[in-house]
Amino acid sequence: MRGRVRTVANVTVKGPILKRLPRKLDVLEGENAVLLVETQEAGVEGRWSRDGEDLPTTCQSSSGHMHALVLPGVTREDAGEVTFSLGNSRTTTLLRVKCVKHSPPGPPVLAEMFKGRKNVVLLTWKPPEPAPETPFIYRLERQKVDSEDWVQCFSIEKAGAVEVPGDCVPSEGDYRFRICTVSEHGRSPHVVFQGSAHLVPTARLVAGLKDVQVYDGEDAVFSLILSTIIQGTWFLNGEELQSTEPEGQVEPGALRYCVEHNDLQHRLILKAVKHQDSGALVGFSCPGVQDSAALTIQESPVHILSPQDKVSLSFTTLERVVLTCELSRVDFPASWYKDGQKVEESESLVVKMDGRKHRLILPAAEVRDSGEFECRTEGVSAFFSITVRDPPVHILDPREHVFVHAITSECVMLTCEVDREDAPVHWYKDGQEVEESDIMVLEDEGPHHRLVLPAAQPSDGGEFQCVAGDERAYFTVTITDVSSWIVYPSGKVYVAAVRLERVVLTCELCRPWAEVRWTKDGEEVVESPALLLQKEDTIRRLVLPAVQLEDSGEYLCEIDDESASFTVTVTESYQSQDSSNNNPELCVLLKKPKTRRLWSRFPPWRRTAGAE
């Protein structure tokens with residue numbers, strides 16, 4: 001079929017391209033494809049492309065009006081959309097390549113196996129009949145008995161015979177063989193050689209034994225790697241070690257051992273070797289390999305049994321602190337360090353050693369004992385991070401948020417009581433720590449802590465906190481700037497009474513702690529059974545239990561530069577007021593003794609505070 005030419009039929013149309021390509025063209029694989037196009041004008045240059053990519057000019061030719069594209073020996077890669085373009089005109093065809101079906105070659109014949117030599121097998125066969133037209137090779141495969149996998153051994157170009165030595169197999173065993181013919185058109189069925197052959201690979205040492213040095217009580221591991229999988233024998237001081245058991249002993253009470261074989265690696269593990277095993281000679285033997293190594297036991301180094309990791313501990317003052325480090329060897333020396341400096345024993349720091357255990361003791365820890373401690377011995381250390389804090393402090397009073405209202409120049413005192421006299425306390429105002437000054441005094445008296453504002457101003461108000469440890473007491477202080485101390489009365493009060501009647505003069509202040517001074521006709525009064533001075537919260541009273549004629553006069557309740565004025569008039573009996581009286585503020589008694597009515601310029605709801 002090779003060399004055949006498939007030429008397309010042309011379609012005649014009008015335009016620059018007179019004869020166009022057909023819609024599709026089918027070509028067998030290996031044939032030559034020829035595409036022809038005729039143009040209206042001679043000598044013009046067109047463009048051949050496949051799937052948008054220009055085709056090589058070596059495949060193109062033109063003569064006069066005719067343009068040709070020749071694709072020799074097409075393959076499936078040549079399939080695609082072939083286009084001829086001339087200016088704005090173009091013609092396209094779909095080139096399809098059809099595969100030619102080929103038959104695979106036949107199998108070899110007369111396959112035989114000969115086992116005349118030790119550890120070598122001879123395999124012979126004849127070429128297939130009829131012989132394939134295309135080039136071919138023979139593929140030889142092996143299979144270990146009791147295995148399902150076939151593995152390729154050789155690829156052979158000529159028929160005849162081949163020897164398979166033991167070195168061609170990975171491990172000792174019985175092997176079967178088969179052969180097939182392979183060409184570009186496929187593979188023939190396998191032909192199995194009758195029988196099997198026992199083959200043993202020749203081992204080579206890839207990684208040999210090395211002398212082993214271990215510490216007393218550790219396991220000693222000897223290992224080697226061979227070039228092939230093969231059984232071997234271990235020896236200890238010339239005595240063969242049995243490998244039938246996973247673990248064995250040389251003799252009762254003697255050294256225990258374990259033999260392992262994993263593919264190409266062989267291992268001998270001597271369990272928990274002792275000082276008396278030092279100098280033992282270990283050997284390994286298999287066909288083609290002899291190797292040995294020596295065992296040396298070193299003095300076991302000291303190491304830390306506990307703690308394995310850094311230990312972080314927290315204590316409160318006066319607690320007993322014990323740090324313990326356990327070593328692997330008894331009575332082995334160790335040293336203690338704090339923050340990098342070697343510690344010195346004292347009454348407050350004691351160092352003890354008991355067998356493997358080393359202890360550092362702080363009988364009554366202090367805050368200054370906090371730090372990083374280290375138990376150090378021969379290159380290994382145990383680390384302890386110790387934190388000593390004062391016991392937690394608690395606030396006893398106040399337990400709730402306190403709101404304080406005061407007026408300008410008033411003394412404000414905030415008190416906080418804690419459960420420990422030596423507990424540090426810090427005061428804060430609006431989130432900033434308070435610094436003591438003349439306008440803000442800090443006092444400490446045992447467990448009582450005070451913040452005093454001797455003469456509070458509106459700017460001193462804010463949110464205060466007393467911080468003790470993790471606890472806080474909250475205070476909200478409001479300072480009000482007031483213009484008057486006296487709330488009532490706001491004007492002069494006139495009181496009319498008859499002799500022996502009870503008279504009460506009342507003055508209401510804005511603060512309960514304010515002190516007043518009572519005067520009569522400019523002279524400070526003196527308290528007596530006939531003149532009583534009373535104080536109740538913000539109310540101040542002057543009481544005349546049985547008023548006399550001589551008690552008449554001008555009374556003042558004074559505080560700073562302010563005063564409340566009361567005019568008291570005492571008569572023998574009730575009298576009618578002259579209608580011509582021009583003083584509208586004068587109070588007239590209209591009832592019998594022991595009963596009175598006050599007239600004033602104050603509204604009814606305020607009258608009871610002025611006089612009774």
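One-based numbering along the sequence shown. All heavy atoms count here, side chains included; hydrogens, waters and symmetry mates do not.
Side-chain atoms of E436 come within 3.5 Å of backbone N or O of L442 as a donor-acceptor pair. Distance alone, capped at 3.5 Å, places no donor-acceptor pair between the Q534 side chain and the R541 backbone. Here the side chain of S278 pairs a donor or acceptor atom with the backbone of I297 at under 3.5 angstrom. Between the side chain of D219 and the backbone N or O of A272 there is at least one donor-acceptor pair closer than 3.5 Å. Of the possible donor and acceptor atoms, one in the side chain of D419 sits under 3.5 Å from a partner among the backbone N and O of H394. Side-chain N or O atoms of E319 include one that pairs as donor or acceptor with a backbone N or O of T316 at under 3.5 Å. Put simply, the side chain of T377 gets close to the backbone of P333: a donor and an acceptor are under 3.5 Å apart. Under the 3.5 Å distance criterion, the side-chain polar atoms of D291 are left unmatched by any main-chain donor or acceptor of F284. Remark: the backbone N or O of V388 is paired with a side-chain donor or acceptor of S370 at under 3.5 angstrom. Proximity of a side-chain donor or acceptor of R359 to a complementary backbone N or O of D354 within less than 3.5 Å is not detected.
Remark: F222 pairs with no residue by the ring pair (Phe, Tyr, Trp, His ring centres under 6.0 Å) rule, at least two apart or across chains. Take S306 and apply the side chain to side chain donor-acceptor pair (under 3.5 Å) test, not counting sequence neighbours, and it matches no residue. Take H449 and apply the ring pair (Phe, Tyr, Trp, His ring centres under 6.0 Å) test, not counting sequence neighbours, and it matches no residue. For H303, the ring pair (Phe, Tyr, Trp, His ring centres under 6.0 Å) criterion is met by no residue, not counting sequence neighbours. Residues satisfying the side chain to side chain donor-acceptor pair (under 3.5 Å) criterion with E523, sequence neighbours excluded, are absent altogether. Scanning for ring pair (Phe, Tyr, Trp, His ring centres under 6.0 Å) contacts around F475 gives W427, with sequence neighbours left out.
Summarising the geometry of A334 relative to L327, their closest heavy-atom pair is CB-CD1, 4.2 Å, with the distance given to 0.1 Å. Considering all non-hydrogen atoms of both residues, A530 and P545 come closest at O-CD, 3.3 Å. The two residues R420 and P391 have their closest heavy-atom pair at NH1-O, 2.6 Å. For the pair A497 and V503, the tightest heavy-atom approach, listed with the atom from each and the gap, is CB-CG2, 3.7 Å. For P398 against C416, the heavy-atom pair with the smallest separation is CD-CA, 4.2 Å. Between E572 and V498 the shortest heavy-atom distance is O-CB, 4.4 Å.
Tested against C466 for a side-chain contact (heavy atoms from CB on, under 4.5 Å), the candidates V425, V418, L451, V402 yield a single pass: V425.
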Any chance you could lay out the side chain to side chain contact (heavy atoms under 4.5 Å, CB included) test for I486 and E508, step after step, and finish with the verdict? CA-CA 6 Å; I486 299 176; E508 182 179 353; over 6 Å; no
Applying side chain to side chain contact (heavy atoms under 4.5 Å, CB included) to L453 and L414, what does each step give before you reach the verdict? CA-CA 9 Å; L453 304 173; L414 308 181; over 6 Å; no
Please evaluate residues T317 and E366 with respect to the criterion side-chain hydrogen bond (donor to acceptor under 3.5 Å, both in side chains), reporting the C-alpha separation (whole Å), side-chain torsions for both, the decisive distance (0.1 Å), and the verdict. CA-CA 5 Å; T317 52; E366 300 292 340; 5.7 Å; no
Evaluate the criterion salt bridge (charged side-chain N to carboxylate O under 4.0 Å, His left out) for residue pair E326 and R356; output intermediate values, then yes/no. CA-CA 5 Å; E326 184 176 0; R356 289 188 174 91; 5.4 Å; no
Could you walk me through whether T476 and V404 pass the side chain to side chain contact (heavy atoms under 4.5 Å, CB included) test, one step at a time? CA-CA 6 Å; T476 298; V404 179; over 6 Å; no
Can you check side chain to side chain contact (heavy atoms under 4.5 Å, CB included) on V206 and L264, steps first, answer last? CA-CA 9 Å; V206 176; L264 303 178; over 6 Å; no
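Side-chain contact between K271 and I269 is present, with heavy atoms from C-beta onward closer than 4.5 Å. Contact check for K492 versus E554: side-chain heavy atoms found under the 4.5 Å cut-off. Between L362 and L349 there is a side-chain heavy-atom pair separated by less than 4.5 Å. Side-chain contact check for L323 versus I386: some heavy-atom pair is nearer than 4.5 Å. With a 4.5 Å cut-off on side-chain heavy atoms, L500 and V547 do not count as touching. No side-chain heavy atom of V570 sits under 4.5 Å from any side-chain heavy atom of Q548. Looking at L509 and C507, their side chains come closer than 4.5 Å, going by heavy atoms from C-beta outward. Annotation: side chain of Y257 is not in contact with side chain of L236 (no heavy-atom distance under 4.5 Å).
Here the OH atom belonging to Y488 is positioned 10.0 Å from the CD1 atom belonging to I539, to the nearest 0.5 angstrom. Atoms CZ and CG, from F383 and D309 in turn, are 11.5 Å apart once rounded to the nearest 0.5 Å. One distance of note links NZ of K310 with CD of E374; it measures 10.5 Å at 0.5 Å rounding. Within the model, atoms NZ of K338 and CG of D369 stand 6.5 Å from one another, a figure rounded to the nearest 0.5 Å. The distance from atom OG of S565 to atom OH of Y494, rounded to the nearest 0.5 Å, is 7.5 Å. Note that OG of S223 and NE2 of H266 are 11.0 Å apart. Values are rounded to the nearest 0.5 Å.
Counting non-hydrogen atoms of neighbouring residues, nucleotides and ligands closer than 6.0 angstrom, the CZ atom of R389 reaches no more than 12 such neighbours. For K520, the NZ atom sits in a packed shell: over 12 heavy atoms of surrounding residues, nucleotides or ligands are nearer than 6.0 Å. Remark: E550 CD is packed, more than 12 non-hydrogen atoms of other residues, nucleotides or ligands lying under 6.0 Å away. By the 6.0 Å contact criterion, CG on D430 is enclosed, its count of non-hydrogen atoms from other residues, nucleotides or ligands being greater than 12. Crowding of E347 atom CD: a count of heavy atoms from other residues, nucleotides or ligands under 6.0 Å not exceeding 12. Heavy-atom contacts from other residues, nucleotides or ligands closer than 6.0 Å to CG of D438 number 12 or fewer. With a 6.0 Å radius and a threshold of 12 heavy atoms from other residues, nucleotides or ligands, D470 has its CG atom at or below the threshold.
In this model, no donor atom of one side chain and acceptor atom of the other lie less than 3.5 Å apart for T519 and E524.
Salt-bridge formation is not detected for the pair R540/E515: no Lys NZ or Arg NE/NH1/NH2 atom is positioned less than 4.0 Å from an Asp or Glu carboxylate oxygen.
Taking the six-membered ring for Trp and the full ring otherwise, the centers of F403 and H401 sit less than 6.0 Å from each other.
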